[in-house]
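Some notes on the structure that comes next.
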Number of protein chains: 2
Amino acid sequence: MKARATIRDVAKKSNVSLMTVSRVVNQKGNISKATAAKVLKAIRELNYRPNITARSLAAKKSDFIAIIVPDISNPFFSEMMKGAEDFARENGYNIFLGDTEGKVELEKEYIDAAINRMADGIVLVAPRLENNLICEINDNIPLVIVDRSINKNDIPQVYIDNLKGAMSAVEHLINLNHKNIAFLSGPKDVQDSLQREKGYIMALKKHNIPVNPKLMLIGDFSFEGGRDAFEKFFSNYPKPTAIFASNDIMAFGLIQRAHEMNVKVPKDVSIVGFDDILLSSLINPPLTTIRHPMLKMGIKAVELLVNKLNNKLDTKISFILENTLIVRKSTRRIE
Amino acid sequence: MKARATIRDVAKKSNVSLMTVSRVVNQKGNISKATAAKVLKAIRELNYRPNITARSLAAKKSDFIAIIVPDISNPFFSEMMKGAEDFARENGYNIFLGDTEGKVELEKEYIDAAINRMADGIVLVAPRLENNLICEINDNIPLVIVDRSINKNDIPQVYIDNLKGAMSAVEHLINLNHKNIAFLSGPKDVQDSLQREKGYIMALKKHNIPVNPKLMLIGDFSFEGGRDAFEKFFSNYPKPTAIFASNDIMAFGLIQRAHEMNVKVPKDVSIVGFDDILLSSLINPPLTTIRHPMLKMGIKAVELLVNKLNNKLDTKISFILENTLIVRKSTRRIE
DNA sequence: TATGATTATGATACCGCTAACAGTCAATAG
DNA sequence: CTATTGACTGTTAGCGGTATCATAATCATA
């Protein structure tokens, strides 16, 4: 491993002071062309690279932000991440990643790491962290929260309209004449799930369809969870003619188990998902689902954070991103 | 934003020296129970958090490693990432993420960022970076390269056996009596692609099937690329009875376009993919493909790096991970 | 021409922490 | 009873940068 040149080495080699080198490197302040050239030459010859850790310490800013998500291998989050990462880089920030596996304990660990490493800010996707903890974090480090809303008007937040999304999914089924519409919820301790359930119930009520608890199951957002749920739904009376799943992955599970149990989708049962992840259009049948702009969510989140860091925050700091119903082949009209 | 307590504040409050606090925090050296308790109390009361940036600078190690991948929204890499991230955390490291979008320019940018931020090491997935550059990086920072092999025996590397994988995919088709087997390659400037093509050719030769350039197309690993390729294959004479795609995503594209053009899979054409990403089993028809252990690859890569950092590297530093043929419904025997 | 403003550079004091060495004191050994 | 050891704590000098203030030289302005 080669030894690394420091700013002092460069200063010595080019016969100027530390500060002159620093100014050249950061293009700050005034330096004559001549000295700049001299310094630049020394930098090249020594292969000098500024030590950003040292800079962070001295300048009290690190130019990186932490993004903490429940699961990067979930297309939903990796897509969001991509948007975030991109926007961050374009604005001179690097990204520190935390994958919490949905565990509160890991969420805390990563938040601590971010603070201790002097992250300039955090973009946090932590569906089950308690509200008061979030406020506490917000006192320690600039924060943007994603995919959940919190009733605190000084914390920037970006989230999707789960309620409206769920309603339009269910109303789509109702419009196709379905009455026995089952609902496969996500875990009850995350806000998304609750909102989607609320949307389901509101849609039914709006159209005077009774809410039947037997048609409601709680899943865990996993593929396996979807499979299990399908089996339960179809071993129960009354069998639903349609199922609305709280996310696409569970919908995939439903569909796969349906195939195996020889129940045809959409002939025997219509299925609607939520998220429109990349592959929802590719499965058989292509999934009717709710699309929300994941990339945009990532971009918006970092944008808010960067603005906050530059004290350029608008008065509007809460963004609800609109979702759209994508009708494909997993739903059909019944008589 | 609250002001942050420093180690000095703690020292003052508990009437000990800086070093004593440092020792308590890091559990290094000997401290009496009494002073430890005193210091711990002060730490709690001041809500002190060690500044890891400062620590990194002083201790010349940062306890984080950079992982640089072409595309985290690609399940292949996000899965790998997950393994890496997990293993890293368990060993006291955090992860810095770089998504290069497959661009050499961004690869360089992230490598620089990693070095400048004093990353302890880099796990690099950079299929098209030139070999000599990789060696150069290896002189500056501990490096593990993933998903490509390089003929340099001091750089730890983990990769999959693309050649064998491709061969077994093609031989599977040959065993099903196919002769007109098309090949959809990845970009020609990445090693994976080259190896898979080599495997395709070797399998054909081994079974005395002539290699027909008309049946070979170059794709870009994208879904769209798969769609386009299918169209080309089927507007060309001779039409293949089977297609081996260099990755699953392209295979999905092939299948989708096939559906649209009313060509039945596997009745009219058999399709084999490569990667076995999560959703390959869920599409219609479920995809026959080559599975490689992505999670394991991430774990192994970080394991090698951590060992290297602790000077515990075995003599064996090159790992080829075995892949397996997963036979599903997208391939069938012909007469 | 005297004055203030601007440009170009340097000296110094940190940022918050750790490594390395230097004590102090009590216990144990010779 | 002195020497040695080990447990415990402190002092000092950085790590590699930047902020801040100071200084000298140059320039424009009244």
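Letters A, B, ... mirror the listed sequences (proteins, then strands); counts begin at 1.
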Next item on the list: Find the distance B/Asn15:CG to D/dC8:P and express it as a whole number of Å.
Entry: 19 Å
Margin query: Any side-chain to backbone donor/acceptor pair from A/Asp120 onto A/Ser62? Under 3.5 Å, distance only.
Written below: yes
Next item on the list: Treat primed atoms plus P, OP1 and OP2 as sugar-phosphate and everything else as base, then score nucleotides 19-28 of chain C 5' to 3': B for base contact with protein heavy atoms under 4.0 Å, S for sugar-phosphate contact only, - for none.
Entry: BBB-------
Margin query: Heavy atoms only, 4.0 Å cut-off, all strands: where does B/Arg49 land among base, sugar-phosphate and nothing?
Written below: sugar-phosphate
Next item on the list: For this output row, return yes or no: ring centroids of B/Phe96 and A/Phe64 closer than 6.0 angstrom.
Entry: yes
Note to self: Please evaluate residues A/Arg128 and A/Asp189 with respect to the criterion salt bridge (Lys or Arg N to Asp or Glu O under 4.0 Å), reporting the C-alpha separation (whole Å), side-chain torsions for both, the decisive distance (0.1 Å), and the verdict.
What the structure shows: CA-CA 6 Å; A/Arg128 45 190 110 195; A/Asp189 54 349; 2.8 Å; yes
Next item on the list: Check whether any side-chain nitrogen or oxygen of B/Ser17 sits under 4.0 Å from OP1 or OP2 of D/dG10, and answer yes or no.
Entry: yes
Notebook entry, point to check: Counting N and O atoms only, with roles assigned by atom type, does the side chain of B/Gln191 sit under 3.5 Å from a partner on the main chain of B/Pro127, one being a donor and the other an acceptor?
Noted result: no
Next item on the list: Please check if the side chain of A/Thr20 supplies one atom and the backbone of A/Val16 the other of a donor-acceptor pair under 3.5 Å.
Entry: no
Notebook entry, point to check: Does A/Arg4 reach the main-chain N or O of B/Ile115 with its side chain, forming a donor-acceptor pair under 3.5 Å?
Noted result: yes
Check: Nucleotide by nucleotide, 5' to 3', does protein get under 4.0 Å of the base (B), only the sugar-phosphate (S), or neither (-) in nucleotides 23-29 of chain D, counting heavy atoms?
Finding: -------
Item checked: Minimum-distance nucleotide to A/Asn26 side chain [options: D/dT18, C/dC17, D/dT9] -> D/dT18
Item checked: Length of the NZ-P vector between A/Lys60 and D/dT18, whole Å -> 14 Å
Margin query: Check this one for me: any side-chain N or O of B/Thr35 less than 4.0 Å away from OP1 or OP2 of D/dT9?
Written below: yes
Next item on the list: Provide, to the nearest angstrom, the distance between the CZ atom belonging to B/Arg117 and the P atom belonging to D/dG16.
Entry: 17 Å
Note to self: Judged by each residue's nearest nucleotide on DNA chain C, which is more toward the 5′ side, A/Ile31 or B/Thr6?
What the structure shows: A/Ile31
Notebook entry, point to check: Atom NZ of A/Lys33 and atom P of C/dA8: how far apart are they, to the nearest Å?
Noted result: 10 Å
Margin query: A/Asn30 vs A/Arg23, test: side chain to side chain donor-acceptor pair (under 3.5 Å). Steps then yes/no.
Written below: CA-CA 8 Å; A/Asn30 298 308; A/Arg23 287 185 184 109; over 6 Å; no
Notebook entry, point to check: Atom CG of B/Leu57 and atom C1' of C/dC14: how far apart are they, to the nearest Å?
Noted result: 13 Å
Checklist line | B/Met81 to B/Val69 - nearest heavy-atom pair and separation | finding: SD-CG1, 4.4 Å
Next item on the list: Report yes if at least one side-chain N or O of B/Ser32 is closer than 4.0 Å to OP1 or OP2 of D/dC8; otherwise report no.
Entry: no
Margin query: So A/Asn30, base contact, sugar-phosphate only, or nothing? Heavy-atom distance under 4.0 Å.
Written below: base
Check: CG of A/Asp9 versus P of D/dG16: gap in Å, rounded?
Finding: 9 Å
Next item on the list: Rounded to the nearest angstrom, tell me the gap between atom NZ in B/Lys38 and atom C1' in D/dT9.
Entry: 10 Å
Checklist line | Short side-chain to backbone donor-acceptor contact, A/Ser14 and A/Val10, under 3.5 Å | finding: yes
Notebook entry, point to check: Between B/Ile7 (CD1) and C/dC14 (P), how many Å, whole number?
Noted result: 18 Å
Next item on the list: Determine whether any donor atom in the side chain of B/Arg55 lies under 3.5 Å from an acceptor atom in the base of C/dG16, or the reverse, and answer yes or no.
Entry: no
Item checked: B/Arg117/A/Asn94 under side chain to side chain donor-acceptor pair (under 3.5 Å): CA gap, chis, key distance, verdict -> CA-CA 10 Å; B/Arg117 285 185 187 279; A/Asn94 284 124; 3.0 Å; yes
